[in-house]
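Not measured: the values here are computed from a predicted model. Just follow the structure's listing: the first ligand is 1, and inside any ligand the first atom is 1.
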Amino acid sequence: MGLTMSWMTRWFPPRCLLCGEPGWRGRALCAGCDADLPRIEAACRRCGEALPATGPGLPALTVCGACLWRPPPFTAIEVPFAYAAPIDWCVRRLKFHRDLAAGRLLGELLAEKILQAPPSVGAVVPVPLHGGRLLERGFNQAVEIARPVASGLAVPLVTEALNRSRAAPAQMDLPADQRRANVRGVFAPGGQPVAGTVLLVDDVVTTASTVREASRALLRAGADGVRVLAVARA
Ligand SMILES: [Zn+2]
Ligand SMILES: [Zn+2]
């Protein structure tokens, strides 16, 4: 696979998925489109919510008030992008049109972000889809996104660490309180054991209720700690 990819990249350098210009850094994204991505600059290290600006001369906040008051079950979350154009387009291309090139690009962007300060993690775990949804869609978008992250960090991609007991309606269509109720108890430890700190990967986080529930299940499955990495915050 690795050999095939490098051969392919040498002879057919990727074109930008967004504008068709030659890709940059061996990716299907050009330098101009990369510079225009909707990056999130200041966000809480624990939950990923945007942080308020502090006054002049005061140190910038790194953790929000809500997390100081009631810390989430994961130790850190990184969400580099806002769910806005063209990131939302790439997520939809992957999810609903099975555009694996879009998935690889999102995964490579996440890998680039996490490799700026690589965390010490023993495994990368994608948020699972419910079995029925997986059959219907044929693939799990979080696995596609997690793949370049796991290979960038050189740790195993563990796809059976969690089970999802029911298919939730699309979280983004529900109000916040229903989202929380919707995912409560939905994850259970799966067949594959986990240990040490685990990096949980998802595509889009909205209220973070899904990654909270999945983190709790990973802690029950034996993980010492969970860090979260997602593409975009809606
Ligand atoms: Zn471009
Ligand atoms: Zn927070």
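Seen from the Zn ion (ligand 1), atom SG of Cys33 and atom SG of Cys19 lie 110° apart in angle, a value rounded to 10°. Rounded to the nearest 10 degrees, the angle SG (Cys16) to the Zn ion (ligand 1) to SG (Cys30) equals 120°.
In summary, Asp203 and Arg92 do not engage in a salt bridge, as defined by a charged side-chain N under 4.0 Å from a carboxylate O. Between Glu108 and Arg25, no side-chain nitrogen of the basic residue sits less than 4.0 Å from a carboxylate oxygen of the acidic one, so the salt-bridge criterion is not met.
We find the OG1-CZ distance between Thr197 and Arg227 to be 8.5 Å, quoted to the nearest 0.5 Å. Considering CG of Leu129 and CD of Glu136, their distance stands at 9.5 Å, rounded to 0.5 Å. Distance check: Leu162 CG to Glu213 CD gives 11.0 Å after rounding to the nearest 0.5 Å. Rounded to the nearest 0.5 angstrom, Glu78 CD and Ile40 CD1 are separated by 11.5 Å.
Closest approach of Leu105 and Ala28 over heavy atoms only: CD2-O, 3.6 Å.
Within the protein, the N, O or S atoms sitting under 2.8 Å from the Zn ion (ligand 2) are Cys44 SG, Cys47 SG, Cys64 SG, Cys67 SG.
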